[in-house]
Amino acid sequence: AVNVDPSATLVPWVRLKGQPSYTAGAASVTPDAQGNFTWQRRTGKKISAYFTTSGGLVTSNRITID
């Protein structure tokens with residue numbers, strides 16, 4: 001996401017194959033000073049994900065992993 005404060009808390013939103021909508025992930029992440037972070041979710045299904053700031057003001061692009 002662009003223009004995110006490095007101290008912002010990011011909330012992952014995920015949708016597994018077969019689910020009708022995205023749901024908030026249980027764990028949140030905080031980017032480092034350069035805006036980088038690592039996040040993982042283990043599943044054997046196709047997954048789509050994106051991140052928002054905790055207040056929802058900034059939303060990242062969505063990514064889908066088969």
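By the side chain to side chain donor-acceptor pair (under 3.5 Å) test, Thr64 is found to be paired with Ser48, residues two or more places apart in sequence or in another chain being considered. For Ser28, the side chain to side chain contact (heavy atoms under 4.5 Å, CB included) partners at least two apart in sequence or on another chain are Thr9. The side chain to side chain contact (heavy atoms under 4.5 Å, CB included) check on Ala24 picks up Val11, Trp13, with sequence neighbours excluded.
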Below 3.5 Å, can you tabulate the donor-acceptor pairs from side chains in residues 36-45 to any protein atom, sequence neighbours excluded?
| unit_1 | atom_1 | unit_2 | atom_2 | d |
| --- | --- | --- | --- | --- |
| Thr43 | OG1 | Lys45 | N | 3.1 |

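Under the ring-ring contact (aromatic ring centres under 6.0 Å, His included) criterion, the residue pairs touching residues 14-36 are Tyr22-Tyr50, with sequence neighbours excluded. Among residues at least two apart or in separate chains, salt bridge (charged side-chain N to carboxylate O under 4.0 Å, His left out) pairs with a member in residues 53-66 are Lys46-Asp66.
Taking both residues in full, the closest heavy atoms of Leu10 and Pro12 are given as O-CD, 3.8 Å, listed atom of the first, atom of the second, then distance.
Here Ile63 contributes atom CD1 and Asn61 contributes atom CG; the two are 9.5 Å apart, rounded to the nearest 0.5 Å.
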